[in-house]
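Here is the structure we will look at.
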There are 2 protein chains.
Amino acid sequence: MLKRADEGILDIPKAAGYLDIPEKRLEDLIERRLLVPNKGKYQQLFHFETSVSSIERGSVLYQKGNGKFELIHGFPKIRRAMLLEPAIKKHFINTEILCVEEKMNGYNVRVILFQDKLIALTRGGNVCPYSTEKVNLLLNIDFFRDHPDYVLHGEMVGPENPYVPKDIYGIKSLAFFVFDIRKKNTGKPIPTSRRRQLAEKYGFFQVPLLGEYKIEEATEAIFKHIKELGKIGHEGVVIKDPDMIIPPIKYTCSQSNCSDLLHAFKFYNDVGRDYLFSRVVREGFQSAEWKESEEERRARCLRLGESILNPMIETVLKVQKNEKIFDDVLIRVKNLETLEEFEDYSRMLGLEAIFSKPKKVGDEYLVSIHKINRSTSDKTKAMWNGDLW
Amino acid sequence: MLKRADEGILDIPKAAGYLDIPEKRLEDLIERRLLVPNKGKYQQLFHFETSVSSIERGSVLYQKGNGKFELIHGFPKIRRAMLLEPAIKKHFINTEILCVEEKMNGYNVRVILFQDKLIALTRGGNVCPYSTEKVNLLLNIDFFRDHPDYVLHGEMVGPENPYVPKDIYGIKSLAFFVFDIRKKNTGKPIPTSRRRQLAEKYGFFQVPLLGEYKIEEATEAIFKHIKELGKIGHEGVVIKDPDMIIPPIKYTCSQSNCSDLLHAFKFYNDVGRDYLFSRVVREGFQSAEWKESEEERRARCLRLGESILNPMIETVLKVQKNEKIFDDVLIRVKNLETLEEFEDYSRMLGLEAIFSKPKKVGDEYLVSIHKINRSTSDKTKAMWNGDLW
């Protein structure tokens with residue numbers, strides 16, 4: 001029995017047996033802080049900060065009241081098609097029909113029932129207090145009681161979103177869109193049709209099904225969807241084997257790509273070098289596969305250049321005028337306790353943010369969060385003060 | 001005395017004494033291949049693959065016939081101004097006049113007299129056989145005989161250039177433009193006026209002097225030069241304290257920046273993530289400092305986007321048609337021995353290239369070099385074959 005002061009408790013020998021890894025290995029993971037208990041209320045939940053054999057990073061392990069273990073697998077990485085037609089041909093072997101769903105732009109959570117309440121696990125495996133309050137308000141708990149071995153995967157989407165606020169889906173506050181149901185312990189997904197039936201039965205929103213296509217017709221159909229989605233600022237598609245035996249792949253719109261850059265370059269000094277490069281490369285492949293005309297290409301080049309430079313130029317000019325560079329996001333909570341927990345949680349994640357005083361609206365509270373970006377502000381100020389790069 | 005088979009010989013205790021570093025440290029540098037003898041003809045020359053206290057990476061150490069050591073310091077890094085006006089103000093304290101010279105776009109070499117022949121040392125400290133032949137043909141050896149403690153720093157510029165071929169300077173083959181004269185052993189530069197006098201006396205080409213400006217007038221004057229240089233595709237300027245006590249700084253044209261990207265993205269898979277990012281950021285700062293109009297900004301964004309995407313799209317389309325992605329460069333040598341040495345040298349640097357049969361032109365040989373870029377070709381082919389990113 002390994003115990004850490006004020007932290008979770010894990011029965012190492014039993015956990016090692018359950019995970020089928022040597023005890024020594026498990027101890028080592030804990031020692032190196034690669035398997036860590038949650039901060040806050042849920043210290044019984046341990047999450048993996050690295051992938052360990054078949055267990056993805058972000059997977060969550062805990063011991064139930066009856067002493068049995070459960071493992072909630074992390075989100076499987078969805079690989080990206082750069083050139084859609086060849087990618088579909090090579091990837092979906094022996095598949096006749098492809099299921100094309102919209103890839104919505106929000107943040108991913110996995111939902112499970114834990115001690116008779118729903119909890120929302122982020123991509124990294126933390127319990128997000130804000131998302132947790134939301135899923136308890138938004139989701140029918142019966143699904144989880146009726147199907148205790150299922151994990152609900154969904155996208156939290158909408159403007160009152162501390163991570164990826166988006167106004168493009170006609171959602172007032174924040175909604176949960178199911179995109180996957182997977183089994184506990186194995187992480188195995190259920191077929192898309194079964195998932196749709198189940199989600200419908202319990203009244204869940206789901207990511208839009210754009211169509212089911214014969215494999216030889218899929219590319220053309222997807223290009224059409226991508227162009228339509230791009231026009232309305234949506235992100236892209238996920239292409240699935242309806243049986244969910246072959247892993248899904250994703251393909252995205254240029255506009256969404258550029259809108260990522262547009263947002264990122266406001267804080268240019270924090271943009272990962274890879275973040276920029278990967279988005280640039282996607283644009284190149286898409287234009288080539290689409291055999292774009294000179295005019296279309298020009299429009300794409302301008303869009304790319306503007307998404308990078310315009311926000312950055314605005315930032316440099318703002319700092320010159322001694323204005324601060326920040327992002328304001330809005331959240332809406334029912335319980336002030338959630339707010340307090342979310343503040344602690346944000347601090348734990350290293351976010352520098354100022355929370356406004358909660359403003360009562362009906363039976364809820366609106367709180368605006370002022371996220372400060374010190375690195376870009378400081379770097380820009382240093383340049384205006386004459387520092388060299 | 002440390003000897004490596006077929007490699008250079010260095011008297012460790014004496015060298016350590018000369019460099020004023022512990023013997024153990026020097027041995028360790030040699031052991032770890034951070035101080036390495038040249039390959040090829042000049043195994044007596046050792047170059048630093050890392051910086052060691054005040055000795056820059058690329059510095060070259062050797063023992064002369066009389067047993068004395070000489071150290072040729074590496075090129076000092078010239079830092080970049082992102083916002084020119086504040087940078088000039090902060091950097092050039094107590095300087096009244098600034099000397100503004102053109103930054104030419106070629107490759108840097110340091111030239112010294114060694115065993116009665118000139119040799120050209122690259123940025124990394126290698127002896128480039130091609131550049132070595134050229135400097136012996138181009139430079140008046142008397143300068144080096146008259147001033148044995150001087151090192152000539154210059155830019156090798158022109159179309160017959162294996163590294164950075166450029167047709168923009170009206171040079172037929174390859175020329176050497178002096179931009180600095182520095183002392184052996186200390187690396188200290190001589191004042192710009194003295195350098196100009198000396199170079200003129202020995203008939204050397206020099207980088208153009210664009211003007212000498214009072215510090216308070218410099219920024220405006222430089223912006224004018226930068227705009228003019230940009231129009232003709234030249235690179236930028238180096239701004240110097242005429243006494244060369246304060247280190248120079250550089251500032252470049254947007255067009256040159258974009259032309260770098262244009263060339264780099266033909267081989268998109270080899271573009272360093274930092275390479276892209278740093279160029280993008282320069283564009284943002286320049287536009288902000290120049291208070292560009294909407295129209296100017298738009299032109300800059302388009303230029304940036306096109307420099308990135310157009311070459312990449314061309315590459316992706318070429319690979320689709322099974323064409324190879326390569327660069328052809330031309331060199332012109334007097335001695336076939338130089339060619340042989342340069343082939344070995346290129347291979348040693350890891351360049352994959354096919355050299356054409358030399359074609360006799362007058363008393364020289366023209367050779368075209370077909371540089372292959374396997375990484376971008378292979379990655380692009382993999383995408384066309386349906387691999388995921």
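Chain identifiers are assigned alphabetically (A, B, ...) following the order of the sequence lines, protein sequences preceding nucleic acid strands; residue numbering begins at 1 within each chain.
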- Note on the structure: Honestly, the part of B/Ile308 sitting under 4.5 Å from a heavy atom of chain A is side chain
- Considering non-hydrogen atoms only, spot the tightest contact between A/Ala87 and B/Leu388 and give its length. CB-CD2, 3.8 Å
- Task: Locate the shortest heavy-atom distance separating B/Phe265 from A/Val280; write the atom from each residue and the value.
- Result: CE2-CG1, 3.8 Å
- Considering residues at least two apart in sequence or located in another chain, which fulfil the ring-ring contact (aromatic ring centres under 6.0 Å, His included) criterion with A/Phe326? A/His370
- Which atoms of B/Ile249 come close to chain A, meaning under 4.5 Å heavy atom to heavy atom: side chain ones, backbone ones, both, or neither? side chain
- Task: May I ask you to name which of B/Leu304, B/Leu309, B/Val316 has the most heavy-atom pairs under 4.5 Å with chain A?
- Result: B/Leu309
Write out all chain B-chain A donor-acceptor pairs shorter than 3.5 Å, or none if the list is empty.
unit_1   : atom_1 : unit_2   : atom_2 : d
B/Arg79  : NH2    : A/Leu388 : O      : 3.2
B/Arg79  : NH2    : A/Trp389 : O      : 3.2
B/Arg80  : O      : A/Trp389 : N      : 3.1
B/Lys90  : NZ     : A/Asp387 : OD1    : 2.5
B/Arg273 : NE     : A/Asp274 : OD1    : 2.9
B/Asp274 : OD1    : A/Arg273 : NE     : 2.9
B/Arg297 : NH1    : A/Asn310 : OD1    : 3.4
B/Arg297 : NH1    : A/Glu314 : OE2    : 3.1
B/Arg297 : NH2    : A/Glu314 : OE2    : 2.9
B/Asn310 : OD1    : A/Arg297 : NH1    : 3.3
B/Glu314 : OE2    : A/Arg297 : NH1    : 3.1
B/Glu314 : OE2    : A/Arg297 : NH2    : 2.9
B/Asp387 : OD1    : A/Lys90  : NZ     : 2.5
B/Leu388 : O      : A/Arg79  : NH2    : 3.2
B/Trp389 : N      : A/Arg80  : O      : 3.1
B/Trp389 : O      : A/Arg79  : NH2    : 3.1

- What residue in A/Gly284, A/Ala288, A/Pro86 has the most heavy-atom pairs under 4.5 Å with chain B? A/Pro86
